[in-house]
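Single-structure report; data block below.
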Amino acid sequence: MEMSLATIIFTFTFTLCTIFIIPCSEAAEKGQGNGLHVGFYGLKCPKAEQIVADVVSKAVEADKKLPAAFIRLFSHDCFVKGCDASILLDSTPSHEPVEMQSPANVEIRGLEVIDEIKARLEAECPETVSCADILAFVAREAVALSGLPRHKVPAGRRDSRTSRATDVTLPGPATPLNEIIDYFGRRGMTSDEMVVLSGAHSIGAAHCSFFDYRLYNYNQTQAQDPALDPFYAADLSQKCPAPNTLPEAEAKNRVVDFDPITPLVLDNQYYANLMQGKALLQSDQALLTDPRTNAMVMSMAASADAWTQRFVRAMIKMGRINVLTGENGEIRKNCRAFNPL
């Protein structure tokens with residue numbers, strides 16, 4: 001029996017409201033305009049999401065730190081010019097340096113997993129599942145394998161044929177909070193959502209060079225950042241000796257977990273760490289001290305359930321940034337290369 005258009009719209013909106021923990025008014029608004037919906041491949045490639053889940057699960061079994069890499073990959077794609085898999089391209093028709101060649105994307109990991117997923121999907125359903133949707137599905141699996149509920153992902157994104165390193169202007173560890181809030185705002189994300197998504201730093205790690213200035217060369221009057229807990233700073237100093245004291249190759253390989261308590265679990269421990277002066281990055285610690293973000297930090301630290309719900313909603317919203325749908329873009333056969341015309 002065929003469903004009427006009104007029934008389809010109601011069913012889709014109800015699914016968003018109940019599964020994604022989004023108010024129905026917000027779900028109805030977001031359901032319009034970008035063409036994404038849950039179950040997009042239900043008829044075209046019904047095994048698509050399970051194939052992604054199987055490959056990611058196997059990869060994470062072998063490398064427990066891959067979930068952080070997958071979330072980073074997805075966010076670095078979405079926040080540049082939209083969730084269009086432009087970050088995956090090795091080259092473009094313009095022959096300009098691509099996003100992956102930007103310093104902000106140094107040592108991006110997990111690309112071989114994306115390649116394996118794409119190969120399996122092309123064998124199952126040729127030219128059907130976009131690389132942009134693969135990134136969204138992979139990020140969902142990373143979230144679920146790190147301890148949060150497995151959420152539904154709206155799909156229907158298409159892939160970009162363009163990618164430029166000069167477009168990559170992602171905030172860095174020392175970027176002032178004003179600029180970070182503005183950066184998120186220009187992509188339709190609120191400061192509260194920025195605080196919530198920053199909780200992804202409860203997994204993953206950073207090279208010493210991203211934060212060691214906080215230990216040895218903070219400013220002209222203080223060698224060490226006074227916001228750092230002294231015992232935490234002493235521990236970091238053991239893991240990251242002063243610059244130029246280690247052989248270059250060894251220094252380059254020194255990394256420290258963002259969360260010293262539960263480094264492999266996505267949880268709200270990140271916010272407790274901020275409150276204790278145990279944020280690895282200066283840009284994270286600033287969330288506690290700035291009056292625009294302090295209340296949300298305190299709220300997220302107080303309730304694991306509240307953070308979990310907000311984090312899932314923010315990930316879904318991030319996955320809608322400037323997507324290509326319908327006849328825009330293409331479905332790449334190889335995620336690293338645009339299709340020949």
Side-chain angles (χ1 to χ4, degrees), residues 65 68 72 75-76 79 102-107 168-185 191-263 267-302 307:
K65 294 200 171 184
R72 180 190 183 206
S75 63
H76 280 215
F79 277 117
S102 164
N105 290 324
V106 168
E107 298 187 10
V168 181
T169 57
L170 294 161
T175 301
L177 190 58
N178 273 339
E179 294 181 23
I180 297 175
I181 291 173
D182 178 66
Y183 187 89
F184 273 72
S191 60
D192 281 353
E193 289 165 336
M194 181 267 293
V195 173
V196 168
L197 286 174
S198 295
H201 281 176
S202 66
I203 59 175
H207 285 275
C208 292
S209 59
F210 281 90
F211 61 85
D212 60 6
Y213 69 93
R214 300 182 70 200
L215 301 170
Y216 307 109
N217 188 31
Y218 183 60
N219 59 31
Q220 293 182 341
T221 60
Q222 295 171 299
Q224 190 172 106
D225 185 348
L228 279 170
D229 172 82
F231 294 103
Y232 181 57
D235 181 58
L236 292 179
S237 298
Q238 292 294 314
K239 295 172 179 174
C240 298
N244 304 317
T245 60
L246 292 175
E248 183 177 352
E250 182 179 350
K252 185 179 179 182
N253 291 325
R254 291 285 181 111
V255 296
V256 177
D257 290 328
F258 282 123
D259 182 354
I261 311 299
T262 55
D267 57 20
N268 69 332
Q269 179 64 42
Y270 165 84
Y271 303 98
N273 293 342
L274 298 190
M275 294 170 65
Q276 297 166 12
K278 296 179 180 178
L280 198 60
L281 304 183
Q282 184 179 352
S283 54
D284 284 340
Q285 193 64 58
L287 300 179
L288 178 69
T289 56
D290 193 286
R292 292 167 295 181
T293 51
N294 170 269
M296 181 55 68
V297 169
M298 304 285 279
S299 176
M300 296 299 92
W307 176 72

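From a predicted model like this one, the values you see are computed outputs, not experimental measurements. The first residue in the sequence is number 1, and the count goes up from there.
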Please report, to 0.1 Å, the donor-acceptor pairs under 3.5 Å made by any side chain of residues 238-248, with sequence neighbours excluded.
{"residue": "K239", "atom": "NZ", "partner": "D235", "partner atom": "OD2", "Å": "3.1"}
{"residue": "T245", "atom": "OG1", "partner": "A242", "partner atom": "O", "Å": "2.5"}

Please name all residues satisfying side chain to side chain donor-acceptor pair (under 3.5 Å) with [X], sequence neighbours left out, ordered by chain then number.
X    : answer
N268 : none
Q269 : N273
N217 : none
Q282 : Y213

Show every donor-acceptor pair shorter than 3.5 Å between a side-chain atom in residues 225-232 and any protein atom, with sequence neighbours excluded, or say none if there are none.
{"residue": "D225", "atom": "OD1", "partner": "A227", "partner atom": "N", "Å": "2.9"}
{"residue": "D225", "atom": "OD2", "partner": "R214", "partner atom": "NE", "Å": "2.9"}
{"residue": "D225", "atom": "OD2", "partner": "R214", "partner atom": "NH2", "Å": "2.9"}
{"residue": "D229", "atom": "OD2", "partner": "F231", "partner atom": "N", "Å": "3.1"}
{"residue": "D229", "atom": "OD2", "partner": "Y232", "partner atom": "N", "Å": "2.9"}

| query | With sequence neighbours excluded, what pairs up with F211 under the ring pair (Phe, Tyr, Trp, His ring centres under 6.0 Å) test? | reply | none

| task | Please list all pairs passing the side chain to side chain donor-acceptor pair (under 3.5 Å) test where one or both residues lie in residues 168-180, with sequence neighbours left out. | result | N178-R292

Acceptor/donor pairs from residues 198-206 side chains to any protein atom, 3.5 angstrom cut, sequence neighbours excluded:
{"residue": "S198", "atom": "OG", "partner": "M194", "partner atom": "O", "Å": "2.8"}
{"residue": "H201", "atom": "ND1", "partner": "D284", "partner atom": "OD1", "Å": "3.4"}
{"residue": "H201", "atom": "ND1", "partner": "D284", "partner atom": "OD2", "Å": "2.8"}
{"residue": "S202", "atom": "OG", "partner": "G199", "partner atom": "O", "Å": "3.1"}
{"residue": "S202", "atom": "OG", "partner": "V265", "partner atom": "O", "Å": "3.4"}
{"residue": "S202", "atom": "OG", "partner": "D267", "partner atom": "N", "Å": "3.2"}
{"residue": "S202", "atom": "OG", "partner": "D267", "partner atom": "O", "Å": "3.4"}

| All side-chain contact (heavy atoms from CB on, under 4.5 Å) counterparts of S102, not counting sequence neighbours | A104, N105, A165, V168

| request: Quick one: list whatever passes side-chain contact (heavy atoms from CB on, under 4.5 Å) with A234, sequence neighbours left out. | output: none

| field | Any residue meeting salt bridge (Lys or Arg N to Asp or Glu O under 4.0 Å) with D212, in chain and number order, not counting sequence neighbours | value | none

